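The structure under discussion appears below in the form of structure tokens.
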2 protein chains.
Amino acid sequence: MVNDIKLLSTLEAMTGPTPHTPTKAQLLELVAALGTAQWQDFAAAAARHGLTSVQAKLLAQLKGPVPMRGLAALLLCDASNVTGIVDRLEARGLVRREPDPADRRVKNVVATDEGRETIRRVRAEMQATHSALDALDEAERTALYGLLERLRPGLEHRG
Amino acid sequence: MVNDIKLLSTLEAMTGPTPHTPTKAQLLELVAALGTAQWQDFAAAAARHGLTSVQAKLLAQLKGPVPMRGLAALLLCDASNVTGIVDRLEARGLVRREPDPADRRVKNVVATDEGRETIRRVRAEMQATHSALDALDEAERTALYGLLERLRPGLEHRG
DNA sequence: CGAGTTGCTTGACGATCTCAAGCATCAATG
DNA sequence: CATTGATGCTTGAGATCGTCAAGCAACTCG
């Protein structure tokens, strides 16, 4: 699938002095470190707006109306947990519970204007993440995106 | 710095049908999604050994003796929080508190044999992460490693 | 209608997290 | 040496997060 010699030399030109092929363990550690760094960047940005990371994460899922059950699935947690988180967001006016017209058991959660604006700012204020991505040029971003997309299927549906 | 045309076509051969250059937002979203997926993989593996994710994360830091204060710095949390986490790990025999010979205020936390073995297994059992990385060949891993290393400086020391 | 399922909430309980306060120890100063 | 201040850890109060079990309302199917 890949022409090793040509590709590696191109990559070397691209990423600077190439470390020799990393162990899976090294790669794993690096991915983990960056994952937590980015999560903490997110948490810090959320905190500046008086949100916990979980509240911000929930808010980030609300592109449209989502039933409580759906939020539990997205956040991979118990539905009873979502009740409390939405309670607190609703008390601050960032979110609304709307009755579902088709099923009276269901409550759909919707972000208010203020909620949308807040999460937009949180994303914009993730300085560490933004400046990290700014270190890459366009070609590198495309390459990174492609590689990460290849990782996605393995990571997201787990066995 | 980069020969765009040649590089992009090589990358296209490498990553399959190339999405056009992704927005920073798209890239950010993808990185976030993979970060959480990996974190949940870690949490699930830890849970199989009766550990919470935070307990496992603390255990993962113990390559040698680390003072409580140092753990708080590594985990980016209050020192009083570490007390409780170490209490629970110590009660299960995964960790020990040792007096510091040079400073009697300090307690150094050390992983026991069982603690080391447990965290080793947790890492080994992160199936989703391992199988995701298995989807990449050697050249791709090297490329990914190089790109992530470029991201690290921006992400880790934040302003 | 009745039985089972599903969506949400509540209550109990443990873990995580922060803050303020406290105790012991260290370091520096007079 | 004695005092003062800083440092390392623990404790307690209070909020959030997370699960499980139980409950109520509403949907589905026979």
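Lettering follows sequence order; numbering is per chain, from 1. None of these values were measured; they are calculated from a predicted model.
- A salt bridge links Asp134(B) to Lys24(A): one of the charged nitrogens lies within less than 4.0 Å of a carboxylate oxygen.
- Contacts between residues 100-109 of chain B and DNA chain C, defined by a heavy-atom separation under 4.0 Å, are made by Asp103(B), Arg104(B), Arg105(B).
- Listed by chain and number, the residues in a side chain to side chain donor-acceptor pair (under 3.5 Å) with Arg92(A) amount to none (sequence neighbours excluded).
- Ion pairing of Arg120(A) with Glu117(A) is present here, as a side-chain N (NZ or NE/NH1/NH2) and a carboxylate O approach within less than 4.0 Å.
- Under the rule for a side chain to side chain donor-acceptor pair (under 3.5 Å), His130(A) has no partner lying at least two apart in sequence or in another chain.
- One atom, CZ of Arg92(A), and another, C1' of dA15(D), lie 13 Å apart when rounded to the nearest Å.
- Taking atom CG of Leu71(B) as the reference point, atom C1' of dT7(D) lies 17 Å away to the nearest angstrom.
- Contacts of residues 78-90 of chain A with DNA chain D (heavy atom under 4.0 Å): Asp78(A), Ser80(A), Asn81(A), Ile85(A), Arg88(A).
- When the P atom of dG18(D) is taken as reference, atom NZ of Lys57(A) falls 11 Å away, rounded to whole Å.
- The stretch residues 59-70 of chain B participates, sequence neighbours left out, in no side-chain hydrogen bond (donor to acceptor under 3.5 Å, both in side chains) pair at all.
- As rounded to whole Å, 10 Å separates atom P of dG18(D) from atom CG of Leu58(A).
- Comment: Glu90(B) does not engage Arg96(B) in a salt bridge, judged by the lack of any side-chain N to carboxylate O separation of less than 4.0 angstrom.
- A salt bridge links Glu149(A) with Arg152(A): at least one charged nitrogen is closer than 4.0 Å to a carboxylate oxygen.
- Contact of the Val82(A) side chain with the Cys77(A) side chain is registered, since non-hydrogen atoms from C-beta on lie closer than 4.5 Å.
- Boundaries of the chain A contact region on DNA chain C are dT6(C) to dT10(C), first to last in 5' to 3' order (nucleotide atom under 4.0 Å from a heavy atom).
- Counting heavy atoms from C-beta outward, Arg141(B) and Leu147(A) have side chains that stay 4.5 Å or more apart.
- Checked for salt-bridge contact, Lys107(A) and Glu98(A) miss the test: no charged N lies under 4.0 Å from a carboxylate O.
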